[in-house]
Structures are given as C-alpha cells and as structure tokens.
Amino acid sequence: IIRAQTPSVPQYVPDSDFYKVEAILRPWRIPKVSSALLKMGIRGVTVSDARGFGAQGGSKERQGGSEFSEDSFIPKVKMEIVVRKDQVEDVIAKIIEEARTGEIGDGKIFLIPVSDVIRVRTGERGEHAERMAGGRSDMSSGI
Ligand code: AKG
C-alpha cells in the first residue's frame, strides 16, 4: 500500500547531510536564543559581532530621500550553528520563537548546505565530527 507521506524533513536544495543555520539577530536577544538552543540539546554555536542593514538601509523608519551612509550599519550578532538536516527546522523555529519582536530589525536566517564537518582534535568527519558529548543524542539517552 502506498500512502501519501508528508516528509518530516523539507527538501532543501541543494541536498546535504548537514546545514549551517546562519542568523543575523538583535544582540540583546542572543542570551535568550542561546539558552533555548542549549535546552534543546544543541551544542556548537558560534557568535560574532556584526554590523549590518537590511531593506530599511539601517533606519528605523523609511524616510523618503534619506541616503545610505556608513553610520547606518546597526550592531547585530551573527549566530552560526551547523546541524544535521533533521534538526534544521527545530533550530529555525526556536530562533524565531526567541528572537522575534515583530518590529523592523529582527534580522534574518540563512540556510547553507555544509559539505562535511571535520573535528580538528581527532580528524573525525561527518556524523562523528558533528556529534558532541552533552548534545541532543546524549540528552535523549539520559547521559
Ligand atoms: C534595516 O536596515 O533593514 C533595518 O531593519 C533597520 C532596523 C534595525 O535593524 O534595527
């Protein structure tokens, strides 16, 4: 019997085992986002101070005739998390839940396919390199 199946994992293009979730967020929301990710068992989060602007050109309100200037770059934090494909949607949903204010300037999330993950200490690759002690699999197995 062939049943219609709703894929639990969306068909990302291009397909990959791992993806980088790259989020440009409000700095003051970062503690909220990172502690929520930690609670879900996500380990391995990188943050960098960033400065940027989006469609508004860095201004809080659209102003006719206002020109872009370097001063318009607004402080943001770039958060980068590499996860398995099956974790992507949970991570994105959690970031939105914790980072969203509904106001202009909440930021953006990019999803980037990752060819491989290599742990520097051991040379492990792929699933072995991505997995971290204290991560989601350890939490669910009660370690
Ligand atoms: C933009 O430049 O598109 C903005 O969203 C500016 C507002 C902000 O980032 O606080």
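As the structure lists them, so they are numbered: ligands from 1, and atoms in each ligand from 1.
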Can you tell me the protein heavy atom closest to [atom] and the distance?
atom                    : value
atom 2 (O) of ligand 1  : G58 N, 2.6 Å
atom 10 (O) of ligand 1 : K60 NZ, 3.4 Å
atom 3 (O) of ligand 1  : Q56 N, 2.8 Å
atom 9 (O) of ligand 1  : K76 NZ, 2.8 Å

Look at [X] together with [Y] and state whether they make a salt bridge at an N to O cut-off of under 4.0 Å.
X    : Y    : answer
D106 : R26  : yes
R84  : E127 : yes
D15  : K85  : yes

Review point. Is the shortest heavy-atom distance from the side chain of V114 to the side chain of Y19 under 4.5 Å?
Key: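 No, their side chains stay 4.5 Å or more apart.
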Check your understanding: So, do L38 and R43 sit near enough that their side-chain heavy atoms are less than 4.5 Å apart?
Key -> yes
Review point. Hey, does G54 come in under 3.5 Å of ligand 1, counting only N/O atoms on both sides?
Key: yes
Practice item. Could you tell me whether S59 approaches ligand 1 through its side chain, its backbone, both or neither, with non-hydrogen atoms closer than 4.0 Å? Key: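 Within the 4.0 Å criterion, S59 contacts ligand 1 through backbone atoms alone.
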[X]: numbered ligand 1 atoms lying under 4.0 Å from its heavy atoms:
X    : result
I104 : 4 (C), 5 (O), 7 (C)
G105 : 5 (O), 7 (C), 8 (C), 9 (O), 10 (O)
F53  : 2 (O)

Point to revise | Worked check of side-chain contact (heavy atoms from CB on, under 4.5 Å) between S34 and M79 | key: CA-CA 9 Å; S34 56; M79 178 177 267; 4.1 Å; yes
Point to revise | Within-shell test, E103 vs ligand 1, heavy atom, strictly < 4.0 Å | key: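 E103 does not count as a contact of ligand 1 under the 4.0 Å cut-off.
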Review point. Just checking, any donor-acceptor pair under 3.5 angstrom between side chains of E124 and T122?
Key: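 T122 and E124 do have a side-chain donor-acceptor pair below 3.5 Å.
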